[in-house]
Amino acid sequence: MYEADDKMISLIRDNYDLLQMLGSFGISLGFGDKTVMETCESNNVDTYTFLAVVNYTINGYGEFETDSHLSVPTLLHYLEASHAYFLDFQLPYIRRELQESLDENESLAKLILRFYDEYAHEIRRHMQYEQKTLFPYVKSLIEGRTTADYNMETFSKHHGATDKKLRELKLLIIKYLPQDGLHNNQLTATLHDIYENEVWLRQHAMVEDYIFTPAIKRLERMTKKEDVSKNISALVFKGGHDNSEVLSDRERDIIIGVVQGLQNKEIANRLCISVNTVITHRRNIARKLQIHSPAGLTIYAIVNGLVDISSVKI
């Protein structure tokens, strides 16, 4: 298992596949002999999250269902950049390799290319769905906003394997496309890249399923708890400071008297009004604020600056 004090160059020397991962995290080459932590910090990448992805991808190490230290923004940036790399570079690159390796005048070669284009379309549709639906949803959660029409359970139900066609493509090339020496070498090199591509896709899906998804589900739970707290606060302090404007001066005086522990008769004597008038005011206050208890009025009065908290007996 790699740790923050290990040299970044050691990770690359042991696992050259991490080179593409560095780019997705936004880590530039030329890090010299810096440690993982030093390299991540200089590139504004969360070290813990970087190591979680690296160690899980390489060694399958990590328990993420309850891991609250993962940085969701870092994971989101990693997945967005990985999609961009795959769609904008990897898919077109392999297609160019196939074109150069095949005799496009042969019917079978044309079918192979068409088969690849169908595979590429499927992958592109899969990733674009995540870019248009999942990623904006996660960004809204990071900003503390929830939506009623989407959640990670919905995503998980529609997140299936996308490499079936890729496996078929490999078999078709291996079994049915014998070529001359030059074309055979080109096809062999292309096949190697397709195999590497399959490994990358599998690792990408694992990160989404076992690191990203649990992290977002945990964020969903946290955001829902915050929403519940806000709703409770809204019930207790309905309208906040603005509601103090709909109260009359007399009603605010009544609230101050209640907060100070005065009885209706005492409030009436202080304000030179009748007890019945005090009772009527209290009913109006309860109707306007939806607050019916002295404790609730006390909180309201403190929040809206009607009384100083130091003067309230708690």
Verify same cluster id: Tyr78, Leu19 (apolar side-chain graph, 4.5 Å)
yes
Of all heavy-atom pairs linking Ile267 and Gly257, the shortest is CD1-C, 3.9 Å
What are the two closest non-hydrogen atoms of Val259 and Ala301, and how far apart are they?
CG2-CB, 3.8 Å
When rounded to the nearest 0.5 Å, the distance separating NZ of Lys170 from OH of Tyr195 is 4.5 Å
CE (Met21) and CD1 (Ile12) are apart, to the nearest 0.5 Å, by 9.0 Å
Under 6.0 Å from the CD atom of Gln263, do we count more than 12 heavy atoms belonging to anything else shown?
no
Atom CZ of Arg283 and atom CZ of Arg287: how far apart are they, to the nearest 0.5 Å?
12.0 Å
Do His126 and Glu122 pair up side chain to side chain, a donor and an acceptor below 3.5 Å, judged on atom types alone?
no
Flag the pair Tyr137 / Leu141 as yes when at least one side-chain heavy-atom distance between them is below 4.5 Å, and no otherwise.
yes
Close side-chain approach of Ser42 to Phe31, heavy-atom, < 4.5 Å:
no
For Thr277 and Ile273, work out which heavy atoms get closest and say how close.
CG2-CD1, 4.0 Å
State, yes or no, whether a side-chain contact exists between Arg125 and Tyr129 at a heavy-atom distance under 4.5 Å.
no
Same hydrophobic cluster for Leu201 and Tyr93, using side-chain heavy-atom links shorter than 4.5 Å among ILVMFWY?
yes
Close side-chain approach of Glu80 and His83, heavy atoms under 4.5 Å:
no
Has the side chain of Asp6 got a donor or acceptor atom that lies under 3.5 Å from a matching backbone atom of Glu3?
yes
Gap between atom OG1 of Thr47 and atom NE2 of His69 - 0.5 Å precision
13.5 Å
With no hydrogens and no angle check, is any side-chain donor or acceptor of Arg252 less than 3.5 Å from a backbone partner on Leu247?
yes
If you count the non-hydrogen atoms of other residues, nucleotides and ligands that lie under 6.0 Å from CZ in Phe135, is the total more than 12?
yes
Result block: side-chain N/O donor-acceptor pairs under 3.5 angstrom for residues 48-58, not counting sequence neighbours:
residue	atom	partner	partner atom	Å
Tyr48	OH	Asp67	OD1	3.2
Tyr48	OH	Asp67	OD2	2.6
Thr49	OG1	Asp46	OD2	2.6
Thr49	OG1	Ser71	N	2.8
Asn55	OD1	Tyr2	N	2.8
Asn55	ND2	Tyr2	O	3.1
Asn55	ND2	Leu51	O	3.1
Thr57	OG1	Val53	O	2.7

Got Ile142 and Leu76 here, is their nearest side-chain heavy-atom distance under 4.5 Å?
yes
Go through it in stages, so that I can follow the logic: the residues are Ile123 and Gln90, the test is side-chain contact (heavy atoms from CB on, under 4.5 Å), and I'd like the CA-CA distance, side-chain angles, deciding distance and then a yes or no.
CA-CA 11 Å; Ile123 292 291; Gln90 192 68 5; over 6 Å; no
Does any part of the side chain of Glu198, heavy atoms only, come nearer than 4.5 Å to the side chain of Ile194, both counted from C-beta?
no
Residue from Leu29, Leu11, Thr39 passing side chain to side chain contact (heavy atoms under 4.5 Å, CB included) with Leu22:
Leu29
Note: Asp5 and Thr35 closest approach over all heavy atoms is O-CG2, 3.5 Å
Which atoms form the tightest heavy-atom contact between Asn284 and Glu251, and what is the distance?
CB-OE2, 3.5 Å
Is there a side-chain contact between Arg202 and Val199 (heavy atoms, below 4.5 Å)?
yes
Non-hydrogen atoms of Glu196 and Tyr16 that approach each other most closely:
OE2-OH, 3.7 Å
Is a side-chain donor or acceptor of Tyr300 paired with a backbone partner of Leu306 at a separation under 3.5 angstrom?
no
Between Arg218 and Phe64 (side chain of the first, backbone of the second, donor and acceptor by atom type, cut-off under 3.5 Å), is there such a pair?
yes
Between Arg282 and Asn264, is there a side-chain donor-acceptor contact under 3.5 Å, judged purely by atom types and distance?
yes
Is there side-chain contact between Ile27 and Met8, with at least one heavy-atom pair below 4.5 Å?
yes
Go through the steps for Leu91 and Tyr119 under the test side-chain contact (heavy atoms from CB on, under 4.5 Å), then give the verdict.
CA-CA 10 Å; Leu91 285 178; Tyr119 156 74; 3.9 Å; yes
CG of Leu297 to CD1 of Ile302, rounded to nearest 0.5 Å, is 11.0 Å
At what distance, to the nearest 0.5 angstrom, does NE2 of His192 lie from CG of Leu187?
14.5 Å
Run His204 and Phe86 through ring-ring contact (aromatic ring centres under 6.0 Å, His included) and show every step you take.
CA-CA 10 Å; His204 177 79; Phe86 195 80; 7.9 Å; no
Please say whether more than 12 non-hydrogen atoms of neighbouring residues, nucleotides or ligands are located less than 6.0 Å from CG in Asp33.
no
Ser24 versus Gln20, side-chain donor and acceptor atoms under 3.5 Å:
yes
Any chain of hydrophobic side-chain contacts (each under 4.5 Å) joining Met37 to Phe25?
no
